[in-house]
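Structure record follows, encoded as structure tokens.
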Amino acid sequence: MDINENLITQYSLKPDIARNLAHSTKSVPMMEDITPRWLLQFLPWVPVEAGVYRVNKVKKTCYYPQKVSFNPNESLVNPRHLYNLPPFRYIDRSFVDTVTTLFEKEEYRAENTTTNVVSEGDKFFIVAKGKIEVSTQGDRGEKLIVDILSTGDYSDIDAFMQKKDKPITIKALTPCVLFSLDRTAFDDWINQNPQLVDNYHRSLEMWNKDKNSSNKHGEKLIDLRSGHLGEQELPHTFPDYEANPREYLLSYVQTILRVNTQVTDIFNSPINQLHEQTRLTVEAMKERQEWEIINNKDFGLMNAVAPSMRVQTKKGVPTPDDMDELLARVWKKPAFFLAHPKAIAAFTRECTRRGVPPVTINFYGSPFATWRGVPLVPCDKIGINGRTCNKSRCGTTSIMLVRVGENEQGVIGLHQPGMPDEKHMPSLSVKFGGIDNTGITSYILSLYFSVAVLTDDALGMLEDVEVGYYYDYD
């Protein structure tokens, strides 16, 4: 001991010694992985019976296929890519197998005008890789964008079949690969033998019949008559339904929680150890639940967006124009946008740059940016570059727009409340699993859920959203 310490006079009890007699206030265990999980709060939850929800729909008599998917390194179009395209679906497959040889592979650099097409009826093309802009000229000479097509999309097949004469220009926005079918080559192919000519004209008749008997969504038309008072012969009609409607089976997140009985017996104050072990496990399960609702390959929202409801960004960055286009797709009572926080930041940067910063509103005690009055809800389960764990500042992601509710034919969450051993929340079961010979208690935790998109136009998505672009204001 330093001799100088004996010379120091102590006037009171030292604080560090006094702490031995004092209680410390302890927090419950914290876990950084816990998020607000706004999607689970914003979704309306519909109870199901026996774990199954069946979505009955009006029958579609006129439909276009999903995106075409194939290897862009292939030099030829596979016949199976055309089998479901109208009107090829009505042509004998032996003839369709031969038309694939007429497609030419074209490769272009970004920002190159690939071709000036005389009319939409002169060329049909499939985007094998990249993103292109299809534009035309308005009555006043202005440039009008017809569509933005990305990998797997194809041009207007109806315009090609009907030989429409509207001039269009195709521009590569990124390096791209196209497979194109020329009108002259197609006509020569049809006229090469009488059997094909007859088959082709019959296929056109069948396709036109399907279109005439369906509404703008491809559903079977309900025939009605309107007019003035008088005696008119009324049409005969009936709404028809799909013969094989989709059924959603509840998915689950499960685990076995193991707790030492010695811990719960003697180390249980002031904080209940079993309660905290269960709480943290349930938090992790709900995080996985939200991830599955967004990313599950079978029912997840990212994979449930119809091709017609996918919007491509013009320049990669999410602009107000892009968001307006998304709103034009999901225009029937849109409830909220759903996006990665970095995507929301990228969008607000674009708004700030244009002098139209988003208005902020409060929900559940938290601020949300909005666009056109629709809140932008942050969710880190939407990946950047396809990965939800990406921490880089750059990359591409997607922004979704959702209409919700069973009455609105929107997106709904599915669960089954009232199950045996249900605790903490509806559809969460906590079962006692016994005690082994080492004194370890087991609890089986099961969370059952799913999500259903009741109609295609309830869910839209802005794709290829770049989050890494920043302006230099110097």
Side-chain angles (χ1 to χ4, degrees), residues 57-68 77 79-100 102-103 117-127 134 136 146-147 149 152-168 179-227 232-244 306-309 329 455-457:
K57 293 185 178 182
V58 172
K59 182 179 180 180
K60 287 197 173 185
T61 58
C62 175
Y63 67 93
Y64 293 84
Q66 303 287 324
K67 287 191 174 189
V68 176
V77 174
R80 64 183 174 82
H81 301 145
L82 303 180
Y83 288 156
N84 288 325
L85 282 175
F88 291 116
R89 71 170 63 117
Y90 304 107
I91 299 178
D92 188 276
R93 290 195 172 185
S94 62
F95 292 128
V96 179
D97 292 346
T98 63
V99 77
T100 57
L102 304 179
F103 281 82
V117 183
V118 175
S119 68
E120 287 183 307
D122 282 348
K123 177 174 287 192
F124 170 71
F125 54 88
I126 303 170
V127 183
V134 182
T136 188
V146 176
D147 209 347
L149 303 179
D153 289 330
Y154 48 89
S155 61
D156 190 339
I157 185 68
D158 285 340
F160 180 75
M161 293 299 178
Q162 296 169 15
K163 301 182 181 181
K164 289 188 176 179
D165 59 359
K166 183 171 73 173
I168 58 173
F179 283 93
S180 62
L181 175 61
D182 182 75
R183 162 59 57 188
T184 302
F186 183 69
D187 288 341
D188 291 343
W189 170 75
I190 293 173
N191 296 323
Q192 64 184 354
N193 65 73
Q195 286 183 321
L196 178 55
V197 172
D198 293 340
N199 191 274
Y200 174 69
H201 287 297
R202 281 198 306 271
S203 70
L204 282 180
E205 290 177 3
M206 295 178 69
W207 175 239
N208 288 327
K209 180 180 178 182
D210 283 349
K211 288 195 295 182
N212 293 333
S213 63
S214 62
N215 60 27
K216 60 184 178 181
H217 300 290
E219 299 167 331
K220 182 185 180 300
L221 190 66
I222 299 177
D223 197 6
L224 305 171
R225 172 160 294 178
S226 59
Q232 300 184 40
E233 184 177 349
L234 299 180
H236 297 261
T237 191
F238 65 94
D240 201 1
Y241 307 139
E242 287 185 351
N244 299 297
S308 61
M309 300 300 293
R329 303 288 176 95
T455 57
D456 287 348
D457 64 354

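Just so it is clear, the structure is predicted and the values come from calculations on it, not from any experiment.
Here the straight-line distance linking atom CG of N199 with atom OG of S94 works out to 8.0 Å at 0.5 Å rounding. Atom CG of N208 is separated from atom OG of S203 by 9.5 Å, given to the nearest 0.5 angstrom. The distance from the CG atom of L82 to the CZ atom of F124 is 7.0 Å, given to the nearest 0.5 Å. In this structure, T184 OG1 and D122 CG are separated by 7.5 Å, a value rounded to the nearest 0.5 Å. A distance of 11.0 Å separates CE of M206 from CG of L204, quoted to the nearest 0.5 Å. Here the CZ atom belonging to R183 is positioned 7.5 Å from the CE atom belonging to M161, to the nearest 0.5 angstrom.
Between the side chain of T136 and the backbone N or O of I168 there is no donor-acceptor pair closer than 3.5 Å. A donor-acceptor contact shorter than 3.5 Å is absent between the side chain of S180 and the backbone of F125. At least one donor-acceptor pair closer than 3.5 Å links the side chain of K220 to the backbone N or O of F238. Although no hydrogens or angles enter the test, the distance criterion places no donor-acceptor pair under 3.5 Å between the side chain of D147 and the main chain of L149.
Counting only heavy atoms from C-beta outward, the side chains of D457 and R329 never approach each other to under 4.5 Å. Using a 4.5 Å heavy-atom cutoff, the side chains of W189 and F95 are in contact.
Summarising the geometry of E242 relative to V58, their closest heavy-atom pair is CG-O, 4.0 Å, with the distance given to 0.1 Å. Contact detail for P86 and I157: the closest heavy-atom pair is O-CG1, 2.9 Å. The shortest heavy-atom contact between D210 and S213 is O-OG, 3.2 Å. The nearest pair of heavy atoms linking L181 to L102 is CD1-CB, 3.6 Å. Here the shortest heavy-atom pairing between D97 and P79 reads OD1-CB, 3.2 Å. Between L196 and I91, the shortest heavy-atom distance links the atoms CD1-CG2, 4.5 Å.
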task = Check the pair Q162, D158 against side chain to side chain donor-acceptor pair (under 3.5 Å), reporting the backbone distance first and the verdict last.
result = CA-CA 6 Å; Q162 296 169 15; D158 285 340; 4.8 Å; no
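Salt bridge annotation for D456-K60: present, with a cationic side-chain nitrogen under 4.0 angstrom from a carboxylate oxygen.
Surrounding OH of Y83 are more than 12 heavy atoms belonging to other residues, nucleotides or ligands, all under 6.0 Å away. Within a 6.0 Å sphere centred on NZ of K57, heavy atoms belonging to other residues, nucleotides or ligands number more than 12.
Between Y90 and W207, the ring-plane angle classifies as tilted under the 30° and 60° cut-offs.
In this structure, F186 has its ring center closer than 6.0 angstrom to the ring center of F160.
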